[in-house]
Amino acid sequence: MPDYAIEPARADDAAALLSLYRAVAAIEGGLARGVDEITPDYVGGFLSEALAHGYSLVARLADGSLAGEIHTYPMGPKKFAHVLGELTIAVHPAHQGAGVGRALFRRLMDIVEHERPDILRVELGAQESNARAIAFYESLGFVVEGRMTGRVASVGGGYEADIPMAWLRPAR
Ligand SMILES: CC(C)(COP(=O)(O)OP(=O)(O)OC[C@H]1O[C@@H](n2cnc3c(N)ncnc32)[C@H](O)[C@@H]1OP(=O)(O)O)[C@@H](O)C(=O)NCCC(=O)NCCS
């Protein structure tokens with residue numbers, strides 16, 4: 001079990017996030033982007049949106065490097081202000097399977113559930129072959145909302161379904 005602290009990302013985490021996301025993208029089949037698509041613009045874009053309007057939480061190791069990160073933010077138009085989307089979670093391959101992803105996601109959902117009663121939906125997507133990730137999200141209360149046939153290019157050729165999932169605030 002790595003020794004880490006979960007905390008909000010900072011603006012000066014951009015370089016560490018670039019390195020984390022490139023390491024995660026190097027193993028195909030998880031993140032939507034390949035290594036060559038993990039650019040400073042991509043990382044800077046999600047970090048500035050998350051810092052300004054949403055959330056970015058990191059699992060920071062004792063040496064300051066990042067074992068994982070999760071971010072989400074609203075789409076922009078006021079009609080969607082009750083929805084958090086664009087959700088991405090990435091745990092460094094050296095630390096996958098050790099509870100970091102679950103700890104990051106639980107912390108995010110704790111914040112949403114207890115501090116953001118205005119948020120009624122949290123959305124994400126997973127490619128159908130990433131069955132472990134889909135099961136993980138279901139264990140956190142997300143439900144499968146459909147099946148977008150042929151939406152994602154598969155590793156090794158062909159296309160597969162993208163699975164839209166959402167957490168819905170329970171009615172009170
Ligand atoms: C998916 C991911 C975020 C899970 O984080 P993690 O720290 O490895 O997972 P945890 O140890 O907290 O375990 C949570 C669940 O994730 C799943 N999981 C574990 N390792 C995984 C892996 N390498 N890939 C996919 N899912 C994994 C397991 O089902 C686990 O459930 P369990 O505790 O009931 O066994 C992480 O493995 C990752 O970044 N994978 C590559 C990128 C990716 O697939 N991102 C999601 C795109 S939709």
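Order of appearance sets the numbers: ligands from 1, and atoms from 1 within every ligand. These values consider heavy atoms only, across backbone and side chains, with no hydrogens, waters or symmetry-generated copies. One-based numbering along the sequence shown.
- Polar contact check, Gly30 against ligand 1: no nitrogen or oxygen pair lies under 3.5 Å apart.
- Taking a distance limit of 4.0 Å, we find that atom 18 (N) of ligand 1 is approached by some protein heavy atom.
- For Glu28, the CD atom counts as loosely surrounded, since its 6.0 Å shell holds 12 or fewer non-hydrogen atoms of other residues, nucleotides or ligands.
- With a 6.0 Å radius and a threshold of 12 heavy atoms from other residues, nucleotides or ligands, Arg121 has its CZ atom above the threshold.
- Between the side chains of Asp63 and Ser65, a donor-acceptor pair is found at a separation under 3.5 Å.
- For atom 29 (O) of ligand 1, the choice among Arg106, Arg132, His95 with the nearest heavy atom turns out to be Arg132.
- At least one heavy atom of Gly125 sits under 4.0 Å from some atom of ligand 1.
- The number of heavy atoms from other shown groups lying within 6.0 Å of CZ (Arg102) is above 12.
- Atom CZ of Phe80 has 12 or fewer neighbouring heavy atoms from other residues, nucleotides or ligands inside a 6.0 Å radius.
- Ligand 1 lies less than 4.0 angstrom from a heavy atom belonging to Ala98.
- Of the protein's heavy atoms, at least one falls inside 4.0 Å of atom 23 (N) of ligand 1.
- Not a single heavy atom of Phe105 lies less than 4.0 angstrom from ligand 1.
- The N/O atoms of Val24, backbone and side chain alike, include none that comes under 3.5 Å of an N/O atom in ligand 1.
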